[in-house]
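Here is the structure we will look at.
This one's a predicted model, so the numbers in the text were calculated from it and none came from an experiment. Just follow the structure's listing: the first ligand is 1, and inside any ligand the first atom is 1. Residues: numbered from 1 along the sequence shown.
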Amino acid sequence: MNAGSIESLSYADWQKIAADTLRAVDPRLFVDGEFRASPEGGVIETVNPTTGAVMLEVTAASPADVDRAVQAARRAFRAGTWSKLAPRERMAVMYRWADLIEANAASLSVLETLDMGKPIRDVIAGDLPSVAGFIRFCAECIDKIDGRVTSTDPAALHMILREPLGVVGAISPWNYPMLMATWKIAPALAAGNSVVLKPAEQAPLSCLRLGQLFVEAGGPPGVLNVLNGIGEVAGRALALHPGVDKISFTGSTQVGKLMLVYSGQSNMKKVALECGGKSPQIFLEDLPDMDRAVEAAFRGIFGNQGEVCNAGSRLLVARSIHDEFVERFSARAALAFTPGDPLDPATSMGPLVDRESQRRVLSMIQTGVSEGARLAMGGDAPAALPEGAYVNPTLFTGVSSSMSIAREEIFGPVASVIAFDTVEEAIEIANDTIYGLAASVWTRDLSTAIHCVRAIEAGVVWVNTFDEGDMTQPFGGFKQSGNAKDNCIDSVRSYMQEKSAWIRL
Ligand code: NAD
């Protein structure tokens, strides 16, 4: 069954697929081409955030398990079963891997929904095709990245070779479990590295299956290992491991900073960080289409329950259009985003990833109220869905840049409207943050648009749209949103190192 044919499945179909998939899942560690228990025997309960029910006990890796996985990855790298495979053969495995992911689209999608509450329709339309598409993109890059011969003394030949790094440790978050992991493991594998992936403990099931499918596609054992585990235990052990050459991390800014410490405390491994955000959307008085702008505003913060690194959580609205903007936003967003069971294809908004997230987001909403912001919609949990970790889509008005809700990453469906009078004031507010992941500006005026694109401190600035792009686009932040770029051909290069060979002729 592929991504196309699963679009017609009903709620009842998905409930059955969910039950069948959970029965078949192997929740152990995937190391050296097979599932293994941890000799130390740790487990983590995986809870369905929609129902609160414990679905499975997933093996939790100990530091010794991490060491075994890194050793397996190093053995495979030195053996050359992947690192020295001819480019076209490596490409063929990655293409088969993408095909198998599509062939298993239903079970992979349902794991995502059960583990972290994402609406099934979003996984089918977005995450799953993006995962397969990005693996194919990275495969295509494999024989497009060349070394160089430099212009030097004719009595010598100077070549610059590009080689894989060795063993890459990838640590990923739970908000797009498969996709965020794929943004790391696909370019790292395309470059010829071995990988140890530690997905987020809240949602590891789809990633374990990705590892298994890689081997089914012909990937040699030990090249891609997947270890579920607690961040402070397994993630820390991986980032501190002297046998890891690069750690590629996506997650919070707070934990991202620890990666730099771990690198310094161990082997100076390279560190690539994709971290948090507090992205502004600037709506100027001359925006081209109010309805489209309002839609981008509510989709940009309520999509994926607001659990998006580049969520447009700060809506900077020109005072002259403020009231109309807020009125249209409140009227339309509540209809477009009604919380429900994410396994139902009609549902556009699921629960947050867990109860802890729900508590944290509701407490941030209380902070907003106590600091003087006004609730224009939402602000609570839906009374009809008490078992799940739900939060209603929420909009604050009367927000100032100094309030906690305008400064901290909430990582939930909470938008803050900040009014402004001039373009320069809007730019100043947009840049008044430790983050710099993404931004947008809405205007008819080309000069104003270009001025804003240049002045805003963010890795991507959209004009008259939000959150568009594809795999050719480098994605990553300025400031404390990170120090690296995912996607694009350069992401494959970032998992390689240059070696200089000077040959006296
Ligand atoms: P998190 O930082 O809590 O966890 C991310 C990963 O780090 C998990 O696998 C976790 O187990 C691990 N981890 C936690 N503590 C660790 C430690 N001490 N040592 C090693 N590993 C540790 O983040 P999260 O809650 O999973 O994800 C949400 C965050 O991710 C948000 O801040 C969001 O903005 C960010 N994010 C960024 C991007 C991007 O591309 N910039 C994309 C998605 C998510």
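The closest side-chain donor-acceptor pair between E112 and S206 falls under 3.5 angstrom. For W442 and Q281, the side-chain atoms include at least one donor-acceptor pair closer than 3.5 Å. With no hydrogens or angles considered, a side-chain donor-acceptor pair links Q71 and D67 at under 3.5 Å. Side-chain contact annotation: K184 with T250, donor-acceptor N/O pair under 3.5 Å present. In this structure, a donor-acceptor pair under 3.5 Å is present between the side chains of D467 and N310.
Here E408 does not pair with R360 in a salt bridge; the nearest charged N to carboxylate O distance is not below 4.0 Å. E40 has a carboxylate O that lies under 4.0 Å from a charged side-chain N of R68, or vice versa, which qualifies the two as a salt bridge. Looking at R236 and E232, no side-chain N of the basic residue comes within less than 4.0 Å of a carboxylate O on the acidic one, giving no salt bridge. Using a 4.0 Å cut-off between charged nitrogen and carboxylate oxygen, E102 and R136 count as a salt-bridge pair. At a threshold of 4.0 Å, the pair K270-D245 does not count as salt-bridged, since none of the basic side-chain nitrogens sits closer than that to a carboxylate oxygen. One finds no salt bridge joining R28 and D65 here, because no Lys/Arg side-chain nitrogen approaches an Asp/Glu carboxylate oxygen to under 4.0 Å. Ionic pairing of R407 and D432 is present here: one or more N-O contacts between side-chain nitrogen and carboxylate oxygen are shorter than 4.0 angstrom.
For the residues G276, G256, G229, G251, the heavy atom positioned nearest atom 35 (C) of ligand 1 is part of G251. For atom 36 (N) of ligand 1, the choice among S481, S279, C309 with the nearest heavy atom turns out to be C309.
Inclusion of T253 in the set of residues having an N or O under 3.5 Å from an N or O of ligand 1 is not warranted. Among the atoms of Y262, some N or O lies under 3.5 angstrom from an N or O of ligand 1. Taking any N or O of T250, backbone or side chain, none lies under 3.5 Å from an N or O belonging to ligand 1. Annotation: K198 places an N or O atom under 3.5 Å from an N or O atom of ligand 1; distance criterion only. Checked by distance only, ligand 1 and N175 stay at 3.5 Å or farther apart across all their nitrogen or oxygen atoms. The shortest N/O to N/O separation between E409 and ligand 1 falls below 3.5 Å.
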* Kindly indicate, with the supporting measurements, whether the criterion side chain to side chain donor-acceptor pair (under 3.5 Å) is fulfilled by E371 and S404. => CA-CA 8 Å; E371 289 183 2; S404 307; 2.6 Å; yes
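Heavy-atom proximity to L258, at under 4.0 Å, picks out these atoms of ligand 1: 18 (N). When each atom of ligand 1 is checked for a heavy atom of P199 under 4.0 Å away, the hits are 9 (O). Which parts of ligand 1 touch R236 is read off a 4.0 Å heavy-atom cut-off, strictly below it: atoms 19 (N), 20 (C).
Here the protein heavy atom with the shortest distance to atom 9 (O) of ligand 1 is S172 O, 2.8 Å. The single protein non-hydrogen atom nearest to atom 27 (O) of ligand 1 is P173 CB, 3.4 Å, given as residue, atom name and distance. For atom 10 (C) of ligand 1, the closest non-hydrogen atom on the protein side is E201 OE1, 3.6 Å. The nearest protein atom to atom 12 (C) of ligand 1, hydrogens excluded, is given as I171 CG2, 3.7 Å; this is a heavy-atom distance. The protein non-hydrogen atom at the shortest distance from atom 17 (C) of ligand 1 is G231 O, 3.5 Å. F411 CE1, 3.3 Å is the protein heavy atom nearest to atom 33 (C) of ligand 1. Scanning all protein heavy atoms for the shortest distance to atom 23 (O) of ligand 1 gives S252 N, 3.4 Å. The nearest heavy-atom contact from the protein to atom 25 (O) of ligand 1 is W174 NE1, 2.9 Å.
By the 6.0 Å and 45° rule, K485 does not stack over the aromatic ring of F475.
Under the 4.0 Å distance rule, the nearest protein heavy atom to atom 4 (O) of ligand 1 falls outside the cut-off.
The shell of residues lying under 4.0 angstrom from ligand 1, judged by heavy atoms, excludes Y176. In this structure, C275 is part of the shell of residues with a heavy atom less than 4.0 angstrom from ligand 1. Taking 4.0 Å as the cut-off, M259 counts as a neighbour of ligand 1 on heavy-atom distance. At a 4.0 Å cut-off, not a single heavy atom of A234 sits close enough to ligand 1 to count as contact.
Residue contacts with ligand 1, taken as heavy atom pairs separated by less than 4.0 Å, do not involve Q254 at all. Of the heavy atoms in N310, none comes closer than 4.0 Å to ligand 1.
A distance below 6.0 Å separates the ring centres of F302 and F329.
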